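In what follows, a single structure is set out as structure tokens and then discussed.
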Amino acid sequence: MANEVCLRTLDLERPWLLEQYQSRGGYEILKKVLTEKTPPDEIIEEVKKSGLRGRGGAGFPTGLKWSFISRNAPGQKFVVCNSDEGEPGTFKDRDIIRYNPHQLIEGMILAGYAIGATRGYNYIRGEFWEPYERFEHALEEARKAGYLGENLLGSGFDFELHSHLGAGAYICGEETALLESVEGKKGQPRYKPPFPAHFGLYGCPTITNNTESLASIPMILEKGGEWFSDIGVKNSGGSKLFSISGNINNPGVFEIPMGTPFSKLLEMAGGMKDGRKIKAVIPGGSSAPVIPGDQMMELTMDYDAIAGAGSMLGSGAVVVLDDTNCMVKVLDRMSYFYHEESCGQCTPCREGTGWLYRVVHRIETGQGRQEDLDLLDDVAGKISGKTICALGDAAAMPVQGMLRHFRDEFQYHIDHKRCMVGAG
Amino acid sequence: MSTSVVKDVTELFNPEVRAEIDRWVAKYPPEWKQSAVMAALRIVQDDNGGWLTTDLMNDVAAYLDMPAIAVYEVATFYSMYELKPVGKHKVCVCTNVSCMINNADTIVEHLEKRLGITFGEVTEDGKFSLKEVECLGACGGAPMMQVGKQYYENLTPEIVDAILEGLE
């Protein structure tokens, strides 16, 4: 069972067109909800029942998030879609927007209906020009068909939706940084509370969901929460898009049930390139602690299994590393990334990410000192949990994961001033 | 009290740029013109050969009724804004993990050799500039780069040559 939810139109020619989406029943559930005036609470209940958890990486239950909004409170409310896909290794939302933009639009309208919002924005990362143009075209089609605008299909419900383009900042994937960015500011995360459900975009109640989460909504409502939940496993309802890349033959996006064995996913992705041995896997984007290859081959792709191995499913971005890779070099590059992308607001992250990078980098370049591994543990521990947003943790976790599983490689680098891999 | 002449904002920029900025302003609540600042900076930057001058940023501030400092903050925070001249074609190469383990360094070396520049530099004829970027969300096509608005994936030195030769 694959491509049942977000990628269900992928086999069609030019699947991004309205007529193609409608040929698979697209917008039917929206029509049904609007004409039958389905009570919004029923919709939220169905989403809760589906077990859908935030697909951007945090894994927070989507239905629960929606229920935090006081629908009947006066004033504007907003639905914001987070298409700022930037977690290294992740490239699934790009495909949803490129190939199935209407399902995302339909999901956003339904979300608006459920929480009582009449306006929405889709925050698309600035580099995604092609997906942005696809999305704009789909918005035009939807507007002409009467799915966007005032009094949708005579229901009395209004919904207007626009895209907002980012301009290059990983931190804007953090929901409150994203809201700041829509407001035309630097993308620096806000203190929470207040949470966006009470004080979000322009100070109004707002829900922010990932592209994949919102694009899953129409199928959940059409086929039922239970149908979706049953695709997956306990605590991990539904199917999920996995972006798999690295040293493999057939990298790409695969929409498969939660709980699918990693070995099966690797097989779908063509197996290891050049018949090499799997060394390690970063299972959920570069923030997720690394898991040794042998251990990974025994795991299933769901929240509990990956968490049980000391890592996280995150955005479902799977980076597969073969045995030619030096883990010091890999961590060096990842630590540079977090240092580069720290927004600079919190001292532990702004300074700590620089420390982590400089220490890993000196080990990589043969300047490592004996005390450096303890120093890395110490610095990582002093960033974790001490910052406004999760970027600090995201920088610390890969360091901790690498030292947990590949400490000997780092020690070898310090002792011999060169790489253990291919050191023969 | 300032005696400086306040610019007539309706005279700022050329009509196409103004119309495009206005299209973005219309997406947001009327009291939130500032929301269009990211789009305005991009539009103005594109119209100015790919980079922003202080004058242009000041004009954006005036047009959107924002303090100039608030515009500078945005322009310096996001990586896609350029505050120095860039080449006609800005070649952005991803070197993050998935690209790195798929030989992004070979692509970088090839580009540097062919263009005779390194990251952050512009070729003498002003045609190309080279920039290192973080993950662009196309890891399935690693190694990859972006030139202008276009993504190029599954790169080899030969493919890079063909792409560069195809650019005016």
Side-chain angles (χ1 to χ4, degrees), chain A residues 76 85-95 119 121 125-130 133 160 162-170 172 181-188 202 243-247 250-253 273 282 286 317 319-322 324-325 329-330 333-334 336-337 340-341 343-344, chain B residues 23-29 31-43 45 60 64 66 70-82 92 94-105 131-142 144 146 148-151 153-154:
Chain A
Q76 186 59 264
E85 184 161 65
E87 177 71 22
T90 317
F91 49 100
K92 64 186 179 67
D93 297 335
R94 177 179 175 228
D95 277 5
R119 289 186 81 92
Y121 293 99
R125 66 176 294 175
E127 295 89 343
F128 278 179
W129 193 261
E130 183 201 7
E133 290 197 315
E160 192 44 82
H162 294 290
S163 36
H164 181 98
L165 271 175
Y170 168 69
C172 289
S181 186
V182 176
E183 292 182 2
K185 302 170 191 163
K186 289 185 289 184
Q188 292 193 318
Y202 307 129
S243 323
I244 181 167
S245 67
N247 304 123
N250 182 25
V253 179
K273 209 186 245 179
I282 300 164
S286 76
V319 182
V320 183
L321 302 157
D322 72 20
T324 61
N325 289 291
K329 189 179 175 191
V330 169
R333 185 63 186 86
M334 297 199 303
Y336 176 79
F337 170 76
E340 177 75 18
E341 297 295 337
C343 82
Chain B
R23 190 176 74 79
W24 280 84
V25 170
K27 294 181 175 197
Y28 308 101
E31 66 278 22
W32 278 96
K33 270 202 280 188
Q34 178 173 348
S35 281
V37 67
M38 292 174 67
L41 287 172
R42 172 177 53 76
I43 294 159
Q45 172 169 287
V60 166
L64 297 176
M66 291 169 67
V71 176
Y72 306 156
E73 280 188 349
V74 170
T76 52
F77 186 84
Y78 297 93
S79 65
M80 290 174 75
Y81 301 120
E82 303 292 343
C92 299
C94 174
T95 59
N96 210 303
V97 175
S98 290
C99 284
M100 182 183 89
I101 65 175
N102 278 292
N103 304 318
D105 52 349
K131 182 170 181 168
E132 182 177 33
V133 293
E134 295 302 339
C135 184
L136 294 186
C139 321
M144 66 80 66
Q146 180 169 26
K149 286 167 176 162
Q150 186 70 40
Y151 274 25
E153 303 179 34
N154 301 306

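Basis for what follows: all heavy atoms, side chains included, without hydrogens, waters or symmetry-related copies. Note that the coordinates shown come from a computational prediction; the quantities given were computed from them, not determined experimentally. Quick note on labels: first sequence line is chain A, next is B, and so on, each numbered from 1.
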Turns out that what part of S286(A) lies under 4.5 Å from chain B's heavy atoms comes down to neither
Among the listed options G187(A), C343(A), A317(A), G166(A), the residue most often paired with chain B at heavy-atom distances under 4.5 Å:
G187(A)
Heavy-atom distance under 4.5 Å to chain B: side chain of V182(A), backbone, both or neither?
both
Please classify the contact of K92(A) with chain B as side chain, backbone, both or neither, using a heavy-atom distance under 4.5 Å.
neither
Segment of V320(A) engaging chain B (4.5 angstrom heavy-atom cut-off)
backbone
Leading residue by heavy atom contact count with chain A [cutoff under 4.5 Å; candidates N102(B), V37(B), V133(B)]
N102(B)
Tell me, side chain or backbone of V71(B) under 4.5 Å from chain A's heavy atoms, or both, or neither?
neither
With only heavy atoms counted, which part of C172(A) is less than 4.5 Å from chain B, the side chain, the backbone, both or neither?
side chain
With a 4.5 Å limit on heavy-atom distance, are the side chains of W24(B) and H162(A) in contact?
no
Minimum heavy-atom distance between C139(B) and T90(A), given as atom pair plus value
SG-N, 4.0 Å
What one should report as the nearest heavy-atom pair of M100(B) and V330(A) is CE-CA, 3.7 Å
What part of E341(A) lies closer than 4.5 angstrom to a heavy atom of chain B: side chain, backbone, both or neither?
side chain
I'd like to know which of G89(A), A167(A), P251(A) tops the heavy-atom pair count under 4.5 Å against chain B.
A167(A)
Any idea which of V319(A), N247(A), V253(A), I282(A) has the most non-hydrogen atom pairs under 4.5 angstrom with chain B?
N247(A)
Chain A contact via Q34(B) - side chain, backbone, both or neither, heavy atoms under 4.5 Å
both
Chain A contact via A138(B) - side chain, backbone, both or neither, heavy atoms under 4.5 Å
both
What part of N325(A) lies closer than 4.5 angstrom to a heavy atom of chain B: side chain, backbone, both or neither?
side chain
Separation of R125(A) CZ from L136(B) CG (nearest 0.5 Å)
5.5 Å
State, without any angle test, whether Y121(A) and S35(B) hold a side-chain donor-acceptor pair at a distance under 3.5 Å.
no
Heavy-atom pair count under 4.5 Å with chain B, highest-scoring of G344(A), G86(A), G252(A), P88(A):
P88(A)
Interface check, chain A: of C92(B), A142(B), P29(B), A39(B), most non-hydrogen pairs under 4.5 Å belong to P29(B)
Minimum heavy-atom distance Q188(A)-F77(B), with the two atoms named:
CG-CE1, 4.1 Å
Can you tell me which of E340(A), R119(A), H164(A), E85(A) forms the most heavy-atom pairs within a distance under 4.5 Å of chain B?
H164(A)
Note: vs chain B, highest number of non-hydrogen pairs under 4.5 angstrom among K329(A), Q76(A), E133(A), K273(A) is K329(A)
Atom CZ of F91(A) and atom CE of M144(B): how far apart are they, to the nearest 0.5 Å?
11.5 Å
Supply the atom-to-atom distance Y151(B) OH to F128(A) CZ, rounded to the nearest 0.5 angstrom.
5.0 Å
Validation row, ring centre Y28(B) to ring centre Y202(A) under 6.0 Å:
no
Any idea which heavy atoms bring Y78(B) and A169(A) closest together, and the distance?
CD2-CB, 3.6 Å
Does any backbone or side-chain atom of E127(A) lie under 4.5 Å from a heavy atom of chain B? Answer side chain, backbone, both or neither.
both
Whatever's closer than 4.5 Å to a heavy atom in chain A on Q45(B) counts as neither
Any non-hydrogen side-chain atom of K27(B) less than 4.5 Å from a side-chain atom of S163(A)?
yes
Locate the shortest heavy-atom distance separating N96(B) from R333(A); write the atom from each residue and the value.
N-NH2, 3.6 Å
Side chain, backbone, both or neither: which part of T324(A) has a heavy atom under 4.5 Å from chain B?
neither
Which region of T76(B), side chain (C-beta onward) or backbone (N, CA, C, O), has a non-hydrogen atom less than 4.5 Å from a non-hydrogen atom of chain A, or is it both or neither?
neither
Mind listing the closest non-hydrogen atom pair of G140(B) and S245(A) along with its distance?
N-CB, 4.4 Å
